[in-house]
Amino acid sequence: MKILLTGGAGYIGSHTAVALTEAGHSVIIFDNFCNSSKDVLGRIHQILHKNLPIVEGDIRDTPLLVKTLQDFEIDTVIHFAGLKSVGESVEKPIEYYANNVQGTISLLEAMKQVNVKSLVFSSSATVYGDPQYLPIDEHHPTSATNAYGRSKLHIEEMLKDVAQSDPDWKIVCLRYFNPVGAHESGLIGEDPNGIPNNLLPYIAQVAIGKLPKLSVYGDDYQTLDGTGVRDYIHVMDLAEGHVAALNFIANYPGWDAINLGTGHGVSVLEILSEYEQASGITIPYSIEKRRAGDIAACFAKVDKAKEILKWQAKRSIQDMCSSGCLWQQYRKTLP
């Protein structure tokens, strides 16, 4: 199958490119590199021992998308491209709607023009808003508390309308929980611009001395150790979930949404301890007051993915931390 990955040079996109290629698919990367680096393409080559075709462009450039879909005779699109910082989305909502929502409309217009009607969308557990119950299943009410989450929810609703309008469309929205870790080679991993928004990259930068300490916001939640609990999933498990999703939509038209997570939560202090063991480094941290809007726990119910996709996460927290350490060691050698 010939697959176009929008945003394919990013964190999740690059790992999915590797998983898809190893599964025998032909992958074409489409990226404007606003939140990724062209250097990752060479490291993907080191892993796969082959170059993947790359088209540099913005997904709002509909004519370029049409040309790309035609030139490479694309069968299916996996849509990763979009801005993804919750905090930034609150400050720059127009930019987020322009990139995420308008960009998806551009992609759909291009796909419709060339009659490519198979799409896997990179969604997020943020579409559930504040959890009303745990674990969160796909029937949980959707809502959003910031522009990033709202953009994902708008896109999901648009895709549902598109699928209902034409029975030829095959669309699945994969709702990620908390992707972490890196490829086992250590050659690719999460490389955020500026100060990381997510826990594991932040811990990693404290470990290498780039940041002074980790702030743990709240130790008085109703959890095992009082710190917040989240569902962390290894990025390669997530990538393999996309391979499974492609196999699924090949035979099932319509729209669906499926959680990708592990089905259990891990606390901030548990992650910290595991990273210390993997790295051999003591991570300085301080306990701070709870942040407004933070919740005690959030984790997925993953029965649907097991049943429909025949997929489940198999890598451990230890795997997530050790692969993340390997990536950080390699990253220190980069210019």
Side-chain angles (χ1 to χ4, degrees), residues 11 84-87 124-126 128-136 145-146 176-182 184 186 189-192 194-238 259-302 313-329 331-332:
Y11 174 44
K84 62 177 184 176
S85 168
V86 168
S124 166
T126 56
Y128 294 121
D130 293 337
Q132 296 181 18
Y133 58 82
L134 293 172
I136 298 173
T145 58
N146 53 70
Y176 311 158
F177 277 69
N178 297 77
V180 295
E184 61 184 12
E190 189 167 9
D191 193 13
I195 297 175
N197 295 304
N198 298 324
L199 177 62
L200 226 66
Y202 200 103
I203 290 174
Q205 292 200 10
V206 174
I208 62 174
K210 196 170 181 180
L211 292 171
K213 67 172 184 176
L214 173 71
S215 295
V216 178
Y217 295 100
D219 65 347
D220 56 351
Y221 289 107
Q222 293 298 309
T223 59
L224 190 64
D225 59 22
T227 62
V229 166
R230 299 293 182 268
D231 189 336
Y232 296 97
I233 176 172
H234 196 293
V235 67
M236 286 307 299
D237 279 329
L238 191 65
N259 289 340
L260 292 187
T262 64
H264 62 270
V266 181
S267 76
V268 174
L269 292 183
E270 285 176 313
I271 286 280
L272 188 65
S273 175
E274 290 291 350
Y275 200 92
E276 287 182 330
Q277 290 183 48
S279 65
I281 297 170
T282 299
I283 312 292
Y285 73 94
S286 63
I287 302 295
E288 309 292 343
K289 291 181 180 179
R290 294 186 189 185
R291 292 179 297 193
D294 275 356
I295 55 177
C298 180
F299 53 94
K301 187 174 178 64
V302 293
K314 59 188 180 186
R315 294 168 178 84
S316 66
I317 288 293
Q318 291 88 347
D319 295 329
M320 300 175 204
C321 291
S322 60
S323 64
C325 288
L326 198 59
W327 158 241
Q328 285 300 323
Q329 290 168 12
R331 190 169 174 269
K332 285 193 295 184

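All values reported here derive from a predicted model rather than from experimental measurement. Only heavy atoms go into these numbers, but all of them, side chains included; no hydrogens, no water, no symmetry mates.
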Ser267 and Asp225, any side-chain heavy atoms less than 4.5 Å apart: yes
Working for side-chain contact (heavy atoms from CB on, under 4.5 Å), residues Asn197 and Ser85: CA-CA 7 Å; Asn197 295 304; Ser85 168; 3.4 Å; yes
No-hydrogen, no-angle side-chain donor-acceptor test under 3.5 Å, Tyr11 and Asn198: no
Flag if over 12 foreign heavy atoms under 6.0 Å of CD, Gln132: yes
Heavy-atom check, side chain of Glu270 versus side chain of Val229, under 4.5 Å: no
With sequence neighbours excluded, residues passing ring pair (Phe, Tyr, Trp, His ring centres under 6.0 Å) with Tyr176: His242
side-chain hydrogen bond (donor to acceptor under 3.5 Å, both in side chains): pairs with one or both residues in residues 228-237, sequence neighbours excluded: Asp231-Thr262, His234-Ser323, Asp237-Arg315
Residue pairs, two or more places apart or on separate chains, that pass side-chain hydrogen bond (donor to acceptor under 3.5 Å, both in side chains) and touch residues 200-219: Lys213-Ser286
Listed partners of Gln328 passing side-chain hydrogen bond (donor to acceptor under 3.5 Å, both in side chains), at least two apart: none
Interatomic distance, Tyr285 atom OH to Ile203 atom CD1 [nearest 0.5 angstrom]: 11.0 Å
Partner residues of Tyr275 under the ring pair (Phe, Tyr, Trp, His ring centres under 6.0 Å) criterion, sequence neighbours left out: none
Whether over 12 other heavy atoms sit under 6.0 Å from Leu224 CG: no
Residue pair Asp319, Lys314: steps toward the salt bridge (Lys or Arg N to Asp or Glu O under 4.0 Å) verdict: CA-CA 10 Å; Asp319 295 329; Lys314 59 188 180 186; over 6 Å; no
Spacing of CD1 belonging to Ile208 relative to OG belonging to Ser279, to within rounding of 0.5 Å: 11.0 Å
Side-chain heavy atoms of Leu199 within contact of Leu214, under 4.5 Å: yes
Pairs satisfying salt bridge (Lys or Arg N to Asp or Glu O under 4.0 Å), at least one member in residues 272-287, at least two apart: none
